[in-house]
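In what follows, a structure is listed as C-alpha cells, so that the remarks can point back to it.
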Amino acid sequence: MNNLPEDCIVKILSLTTPRDVCRSSAVSRCFRSAADSDHVWNHFLPSEFPEGFSAPEGLPTKKHLFFSLVHNPLLLHGSQLSFSLERSSGNKCYMIAARALNITWGHDQRYWQWICLPDARFKEVAALKMVWWLDITGKININLLSDDTLYAAYLVFKWNHDPYGFRQPVEATLVLAGTEHDDVQPSMVSLMQNPGSEQGQRAEMRSDGWYEVELGQFFKRRGDMGEIEMSLKETKRPFEKKGLIVNGIEIRPLLP
C-alpha cells in the first residue's frame, strides 16, 4: 500500500469513515499525509450546511473544521438551535434550545422561570417552579438532517436542589408532525435514575453533566419531507411537579 501514489490513498480514505482515517494515519508517513488531506475531510463535511452557518475563523484545514464542529457546536437561528457533527460518521446533529420549544405555561412566571447556567448550551434554560400539567414539545425540519441515517431525540435536562413529582414515568412521543393523536402510541420514560416504577427507559448522565432521556427514534431517508415532532407529557395525574431544568431537545444519529 505504501507504494501507491498519495492521491490514490486519498481517494481510498475518502471512501471510509473519519474514524478509519484517523486510525490509518498511524500506518506510515505516506498515510499520515493523505489522512490530513483536505480532499479526504471535505468528503466527511456536509454537502449542505444549515442556513446561517459560517465556518469559525482560524481553522487552516478541513480536518480542523470537522473536529471543531464535533467538539464546539455552533449556535444558529438567533441562538435557538445548535449544529454539530457526529465524530465517527460526520452526520449532522442538532439541539433545539428550551426557548424554541413549546412549553405549556412556559411564559408564565408563576410556573416557569428562565435562568442562565454556566454549563448550558444556550443563554437561557427553563426552570420549572411548579405545575400539575407538564407538556413540552419541539419540532425540527427533517430536511436539516443527514440522509439514510437512524436518529434519536433526547430531552436534555437536570434537577434543581429540590425536585418533586417525577418518581413515576412520563409519556414520550416522536412522530411526523400532523399525525393524528389517536394514531400515536406514547412510550413511557423515567426522568429519574431511581424511579419508583421499573417501567420505561431511564435517564442517563451525559459527559457534560446534564441528564438525557430518549424520546424516540426515526430513520431519515433521502427525499423525506416535513417536520418531526417530539414531546414529553404528564397530564393524567393531578400531582404537583417541580425542580426540572430543561436545556433543550437534542437530535443526533444513533451509533451502530
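Residue numbers start at 1 and run along the sequence shown. Note: hydrogens, waters and symmetry copies are ignored here, and every other heavy atom, side chains too, is used.
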task = Please round to the nearest 0.5 Å and tell me the distance separating atom CG of Leu255 and atom OG of Ser89.
result = 7.5 Å
ask   = Is Lys236 paired with Glu171 through a side-chain N to carboxylate O contact shorter than 4.0 Å?
value = yes
ask   = Do the side chain of Ser37 and the main chain of His39 share a donor and acceptor less than 3.5 angstrom apart?
value = yes
ask   = Under 6.0 Å from the CD atom of Glu240, do we count more than 12 heavy atoms belonging to anything else shown?
value = yes
task = Taking only Lys NZ, Arg NE, NH1 and NH2, and the carboxylate oxygens of Asp or Glu, determine whether Arg221 and Asp147 approach each other closer than 4.0 Å.
result = no
task = Could you tell me whether a side-chain N or O of Asp38 sits under 3.5 Å from a main-chain N or O of Lys62, the two making a donor and an acceptor?
result = yes
message = Cation-pi check for Trp105 against Arg110: NZ or CZ below 6.0 Å from the six-membered ring centre and within 45 degrees of the axis, yes or no?
response = no
message = I'd like to check Val246 versus Trp112 (side-chain heavy atoms, cut-off strictly below 4.5 Å). Are they in contact?
response = yes
remark   = Rounding to 0.5 Å, atoms CG (Asp20) and CG (Leu13) come to a distance of 9.0 Å
query = Does the side chain of Thr16 come within less than 4.5 Å of Val40's, by heavy atoms?
reply = no
Check: Ser146 and Pro253 side chains under 4.5 Å, non-hydrogen atoms = no
note = So salt bridge (Lys or Arg N to Asp or Glu O under 4.0 Å) across residues 247-256, not counting sequence neighbours, yields Arg121-Glu250, Arg206-Glu250, Glu212-Arg252, Glu250-Arg252
key: Straight-line distance of Leu101 CG to Asp135 CG, nearest 0.5 Å   = 11.0 Å
ask   = Taking atom NZ of Lys241 as the centre, does the number of heavy atoms from other residues, nucleotides or ligands within less than 6.0 Å exceed 12?
value = yes
request  = Find out whether Val21 and Phe44 are in side-chain contact, i.e. whether some heavy atom of one side chain is under 4.5 Å from a heavy atom of the other.
outcome  = yes
key: Trp132-Tyr111 aromatic ring centre distance below 6.0 Å   = no
key: Heavy-atom side-chain contact between Leu134 and Thr104 under 4.5 Å   = no
query = About how many Å separate CG of Leu215 and OH of Tyr154, when rounded to the nearest 0.5 Å?
reply = 9.5 Å
task = Could you work out the complete set of other residues in the hydrophobic cluster of Met95, with links drawn between I, L, V, M, F, W and Y side chains under 4.5 Å apart?
result = Leu75, Ile115, Leu117, Phe122, Val125, Val156, Trp210, Ile245
query = What closest approach, in Å, do Lys158 and Asp119 show between heavy atoms, and which atom pair accounts for it?
reply = NZ-OD2, 2.6 Å
inquiry  = Taking CH2 in Trp133 as the centre, count heavy atoms belonging to other residues, nucleotides or ligands within less than 6.0 Å. Is the count above 12?
reply    = no
query = Looking at residues at least two apart in the chain, or sitting in another chain, which of them share a salt bridge (charged side-chain N to carboxylate O under 4.0 Å, His left out) with Asp162?
reply = Lys242
inquiry  = Looking at His77, I'd like to know if its NE2 atom is crowded, meaning that more than 12 non-hydrogen atoms belonging to other residues, nucleotides or ligands lie closer than 6.0 Å.
reply    = yes
key: Residue that, paired with Tyr94, satisfies ring pair (Phe, Tyr, Trp, His ring centres under 6.0 Å) out of Tyr151, Phe83, Phe53   = Phe83
query = Would Ile96 end up clustered with Trp114 when hydrophobic side chains under 4.5 Å apart are linked, directly or stepwise?
reply = yes
ask   = Can a donor-acceptor pair be found between the side chains of Glu229 and Ser231 at a distance below 3.5 Å?
value = no
task = Starting at CZ of Arg222, measure out to OG1 of Thr149 and round the result to the nearest 0.5 Å.
result = 9.5 Å
inquiry  = Within the 4.5 Å heavy-atom criterion, are Ser68 and Leu59 side-chain neighbours or not?
reply    = yes
query = Just wondering, are more than 12 heavy atoms of other shown residues or ligands nearer than 6.0 Å to NZ in Lys129?
reply = yes
message = Could you walk me through whether Leu128 and Val131 satisfy the side chain to side chain contact (heavy atoms under 4.5 Å, CB included) test, starting with their C-alpha distance in whole Å, then the side-chain angles of each, then the deciding distance to 0.1 Å, before giving a yes or no?
response = CA-CA 8 Å; Leu128 174 59; Val131 293; 3.6 Å; yes
inquiry  = Using 0.5 Å steps for rounding, measure from the CD atom of Glu234 to the CZ atom of Phe166.
reply    = 8.5 Å
task = Measure the shortest side-chain to side-chain distance between Leu85 and Phe66 over non-hydrogen atoms and say whether it is less than 4.5 angstrom.
result = yes
ask   = Given side chains that start at C-beta, do those of Leu150 and Phe218 come closer than 4.5 Å, heavy atoms only?
value = no
ask   = Taking all non-hydrogen atoms of both residues, which atom of Leu76 and which atom of Gly52 are closest, and how far apart?
value = CD2-O, 3.7 Å
